[in-house]
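Order of the sequence lines fixes the chain letters, A, B, ..., with proteins taken first and strands second; residue numbering starts at 1 for each chain. Only heavy atoms go into these numbers, but all of them, side chains included; no hydrogens, no water, no symmetry mates. All figures in this text were calculated on a predicted structure; none of them were measured in a lab.
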There are 2 protein chains.
Amino acid sequence: MAVTLRDVARLAGVSIKTASNVVNGYEFVKPENRRRVEEALAATGYRPNIGARNLRRGRTGFIALVVPELGIPYFGELASLVITAGREQGWNVLIEQTMATREAERAVLTALGPHMIDAAVISPEALHAEDFAELDPGVPLVMIGEHSVDVRIDHVAIDNVLAARTAVGHLVAIGRRRIAAIGAHPHRGTAALRLAGYHEALAAAGLPQRPELVREALRYHRQNGAEAMAQLLALPEPPDAVFCFNDLLAVGALRSIAERGLRVPEDIAVVGFDNTEEGAYSRPSLTSVAPDKLAIARTAVDLVRRRTGGTDAEFVPEEIQTPFTLEIRESSLPRF
Amino acid sequence: MAVTLRDVARLAGVSIKTASNVVNGYEFVKPENRRRVEEALAATGYRPNIGARNLRRGRTGFIALVVPELGIPYFGELASLVITAGREQGWNVLIEQTMATREAERAVLTALGPHMIDAAVISPEALHAEDFAELDPGVPLVMIGEHSVDVRIDHVAIDNVLAARTAVGHLVAIGRRRIAAIGAHPHRGTAALRLAGYHEALAAAGLPQRPELVREALRYHRQNGAEAMAQLLALPEPPDAVFCFNDLLAVGALRSIAERGLRVPEDIAVVGFDNTEEGAYSRPSLTSVAPDKLAIARTAVDLVRRRTGGTDAEFVPEEIQTPFTLEIRESSLPRF
DNA sequence: TTGAAAGCGCTAACAG
DNA sequence: CTGTTAGCGCTTTCAA
């Protein structure tokens, strides 16, 4: 079997405590002993049993990252960054997929007892505000991406309203007047915020709000974008621009537009959201709101560290906004 | 703090052993006691401490999935499936990213001691055969995707040579004669196999092997594909088709071709590998070799289960081939 | 059928 | 500065 700390101590001729002290970087160890332990460590190739350590310390060293689905580029990229950021801070990141179902998200909040993980970073898609009130995960929770106004939870995200307003403002600036939106959703917090930004931008430009130009998307996959766009194109007076609430929807929209024989951006300009690499290489390349994913990952992990390390004194949820930019590409170039 | 088994036992008025028996579904418990324990379980909302259980049992309940990078669509999709397949069999899947560096892959093989995980599923990109011989992870290893001939390790993959031959054969069938390849790599096993399939298909069609039409790609990202394609287009006699060793390379190639003002498939046909959703929605949509990712994930997890459960008697590595298809789309439609 | 008790590998009092 | 020892929560002999 594997070598234990006791073996190391025995080999070094010291007590297990001294061996433990060396392993844990405790300062006050007689140099002679330290040397001998280090030799024994090297000779045996000792690796601490994390499970045992955590059992004793009362923590697990794991944080959960709860996302809808890793196969979605945005979440794949985000997960990649969270794993890396977590690793830098000594955490193991356990990924839970909910497939964007409320049920699975509730289950995660319930089942991820304090035994398995020390904290969770969650990007909820379908949870309602009351779920948070009802369910107690028993560990600190950091929410990324979504915002349900009345939930008292730490939250890291970009300013979705401003971002949407910026995106639509850009479409106005390049001369578009019939600007559609794809991605409205009855329960999704981000959807509501982006929709609000869309409406604000139209209002600021003095453009009319046309309900028929706002399309729902129950899931944010390419196919949903393609379907919504097809509906918009079937309108008696189709839009001359469309703001999609994520890049996947936009990629789907591009395809529907192409299938109709229309050109982007000449006939219809398109803007996405998330700035995935896929969008940067699509044809035409996709203008997109670019959240600083690295900042989101780092900030979330940092918040986890503070929440798990600190005292419980008077919980005041933090609301942290991370930066974003608008990456302008071919899909929204001005017509001249 | 959290409720322990001892609390449950106390509440039920039985010994901890009896409580444990009930929790673990042991059959011979007096009905009366079982009922009381179950009530106590429900009343307290008891959740077993997995870490403690595993410490005692000598296993961790975790398997590692080692991939280059989750942000790469293929691996994001694969990870998603492995997590799901693992969950079905009672495993927690821990994801390790190596960023396709040999160093990180070696580190994983070394550091993932038997304490942390019970087994690992690894998709190596940069490991050499001698790394496997040198390093002993101390846990069962299942390799997916890559094949280094002389390594005695369980292996799940499609028949890469056949798949490549099929893809290139298809290009021949639609009348292409100057068929290029993008993705050759000095150390990558899959690259060698796909290249072999490419050569075989040319030979079978009686076409000449032109070294200038085979381009290396040190990484398999979109940008590498774009660069390699640009070089091919700069040739005095550019190719009329290109077989890319993954979809990302193909997407990059599509962009370079478009930037040159050439058309796909009229001027140049393109075939990718992996059948990512991105390729299905690119413009033109991408013909691609479609490995059955679900089968790969399921088979790998199944192999893990057998290896961790069984005896050590006479290890004979398994070589399992999973099915694939060729998804023909716009990028390789015949010219008429 | 169940209880008592040992111990998985580790850390943290507490003495010394 | 270092050794002894008591558990973390759980499973598992071993008796009863």
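Taking the screw axis at each terminus of the helix from C/dT1-D/dA16 to C/dG16-D/dC1 from five consecutive base pairs, the angle between the two is 40° to within rounding of 10 degrees.
Counting only residues at least two apart or in different chains, ring pair (Phe, Tyr, Trp, His ring centres under 6.0 Å) contacts with residues 38-76 of chain B comprise A/Phe62-B/Phe62.
Going from atom CG of A/Leu55 over to atom P of D/dG7 covers 14 Å, rounded to whole Å. Atom OH in B/Tyr26 sits roughly 13 Å away from atom C1' in D/dT11 (whole-Å rounding). Following rounding to the nearest Å, A/Asn54 (CG) and D/dG7 (C1') show an atom-to-atom distance of 16 Å.
Every residue two or more places apart in sequence or in another chain was checked for a salt bridge (Lys or Arg N to Asp or Glu O under 4.0 Å) with B/Arg57, and none qualifies. Not counting sequence neighbours, the partners of B/Ser80 by the side-chain hydrogen bond (donor to acceptor under 3.5 Å, both in side chains) test are A/Gln97. In this structure, A/Thr84 has no side-chain hydrogen bond (donor to acceptor under 3.5 Å, both in side chains) partners at least two apart in sequence or on a different chain. In this structure A/Lys293 satisfies the side-chain hydrogen bond (donor to acceptor under 3.5 Å, both in side chains) test together with A/Glu77, sequence neighbours excluded. The salt bridge (Lys or Arg N to Asp or Glu O under 4.0 Å) search around A/Arg6 returns none, not counting sequence neighbours. Contacts of B/Thr322 classified as side-chain hydrogen bond (donor to acceptor under 3.5 Å, both in side chains), with partners at least two apart in sequence or in another chain: none. The side chain to side chain contact (heavy atoms under 4.5 Å, CB included) test applied to B/Ala119 returns B/Ile63, B/Pro140, B/Val304, B/Thr308, not counting sequence neighbours.
A heavy atom lying under 4.0 Å from DNA chain C marks none of the residues of residues 30-42 of chain A.
When each of A/Ser15 and B/Gly51 is assigned the nucleotide of DNA chain D with its nearest heavy atom, A/Ser15 is the one assigned upstream, toward the 5' end.
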Ignoring hydrogens and angles, write down the donor-acceptor pairs under 3.5 Å from the side chains of residues 294-302 of chain A, residues two or more places apart or on other chains.
unit_1: A/Thr299; atom_1: OG1; unit_2: A/Ala295; atom_2: O; d: 2.5
unit_1: A/Asp302; atom_1: OD1; unit_2: A/Gln89; atom_2: NE2; d: 3.3
unit_1: A/Asp302; atom_1: OD1; unit_2: A/Arg305; atom_2: NH2; d: 3.1
unit_1: A/Asp302; atom_1: OD2; unit_2: A/Arg305; atom_2: NH2; d: 3.4

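Heavy-atom neighbours of B/Glu88 CD from other residues, nucleotides or ligands within 6.0 Å: above the threshold of 12.
Side-chain N/O atoms of B/Thr18 include none lying less than 4.0 angstrom from OP1 or OP2 on C/dT1.
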* Quick one: do A/Leu303 and A/Ile320 satisfy side-chain contact (heavy atoms from CB on, under 4.5 Å)? Show the steps, please. => CA-CA 10 Å; A/Leu303 215 39; A/Ile320 301 181; 4.1 Å; yes
* Structure fact -> Its contact letters, B for base, S for sugar-phosphate only and - for none at protein heavy atoms under 4.0 Å, make nucleotides 10-16 of chain C read BBBB---
